Amino acid sequence: QVQLVESGGGLVQAGGSLRLSCTASGRTFSRYAMGWFRQAPGKERRFVAAINWSGSSTSYGDSVKGRFTISRDNAKNTADLQMNSLKPEDTAVYYCAGQYYGDSSSSSTDYTYWGQGTQVTVSS
């Protein structure tokens, strides 16, 4: 079992950058694929990015390709999301999620463990 805590959210102007971090508890973090999802008010939770357990494979939602980068550090039990060229439509609560020995899935139903979320607000 793993517990996930997100950090790094905040308010930023359009065109700016933020780096989100997901810190996991437990000794088996390296066995988990990690994903980032986001949910805007009144909308469904949507896929942002994912990285497989080894870090050899990543995937991105179409709306963030070329702007966001997911990475992981298994020694530190962290999975980060670097967000550049932010737009007002990126405003949402961002959640990290973990899938045991997963393969960078874009489906939220594949993930077992979820953090509480961190708010990202991009002003125009």
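Predicted, not measured: the structure shown is a model, and the values here were computed from it.
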- Could you list the residues that satisfy side chain to side chain contact (heavy atoms under 4.5 Å, CB included) with T121, not counting sequence neighbours? L11, T91, Q119
Under 3.5 Å, which donor-acceptor pairs do the side chains of residues 16-25 form with other protein atoms, sequence neighbours left out?
from : atom 1 : to  : atom 2 : distance (Å)
S17  : OG     : N84 : OD1    : 2.9
R19  : NE     : D80 : OD2    : 3.2
R19  : NH1    : Q82 : OE1    : 2.9
R19  : NH2    : D80 : OD2    : 3.3
S21  : OG     : D80 : OD1    : 2.9
S25  : OG     : Q3  : N      : 3.1

- Under the ring pair (Phe, Tyr, Trp, His ring centres under 6.0 Å) test, which residues partner Y94, sequence neighbours left out? none
- With sequence neighbours left out, the residues meeting ring pair (Phe, Tyr, Trp, His ring centres under 6.0 Å) with F68 are none
Pairs under 3.5 angstrom only: tabulate donor-acceptor contacts from the side chains of residues 40-49 to other protein residues two or more places apart or in another chain.
none

- Query: Could you give all pairs that pass the disulfide bond (SG atoms under 2.5 Å apart) test and reach residues 49-81, with sequence neighbours left out?
  - Reply: none
- Pair listing, salt bridge (charged side-chain N to carboxylate O under 4.0 Å, His left out) test, anchored in residues 100-124, at least two apart: none
- With sequence neighbours left out, which residue pairs that include part of residues 88-100 fulfil the salt bridge (charged side-chain N to carboxylate O under 4.0 Å, His left out) condition? R38-D90, R67-D90
- Can you name the residues that form a side-chain hydrogen bond (donor to acceptor under 3.5 Å, both in side chains) with T28, not counting sequence neighbours? none
- Message: Among residues at least two apart in sequence or on other chains, which ones pass side-chain hydrogen bond (donor to acceptor under 3.5 Å, both in side chains) with S104?
- Response: S57
- Keeping the roles fixed (side chain from Q39, backbone from V93), state whether a donor-acceptor pair exists under 3.5 Å. no
- Item | Co-members of the apolar cluster containing V5 [side chain, <4.5 Å] | none
- Message: Does the plane of the ring in F37 sit parallel, tilted or perpendicular to the ring in W114? Use 30° and 60° as the thresholds.
- Response: tilted
- Task: List in chain and number order the residues that pass side chain to side chain contact (heavy atoms under 4.5 Å, CB included) with T109, two or more places apart in sequence or in another chain; answer none if no residue qualifies.
- Result: S107
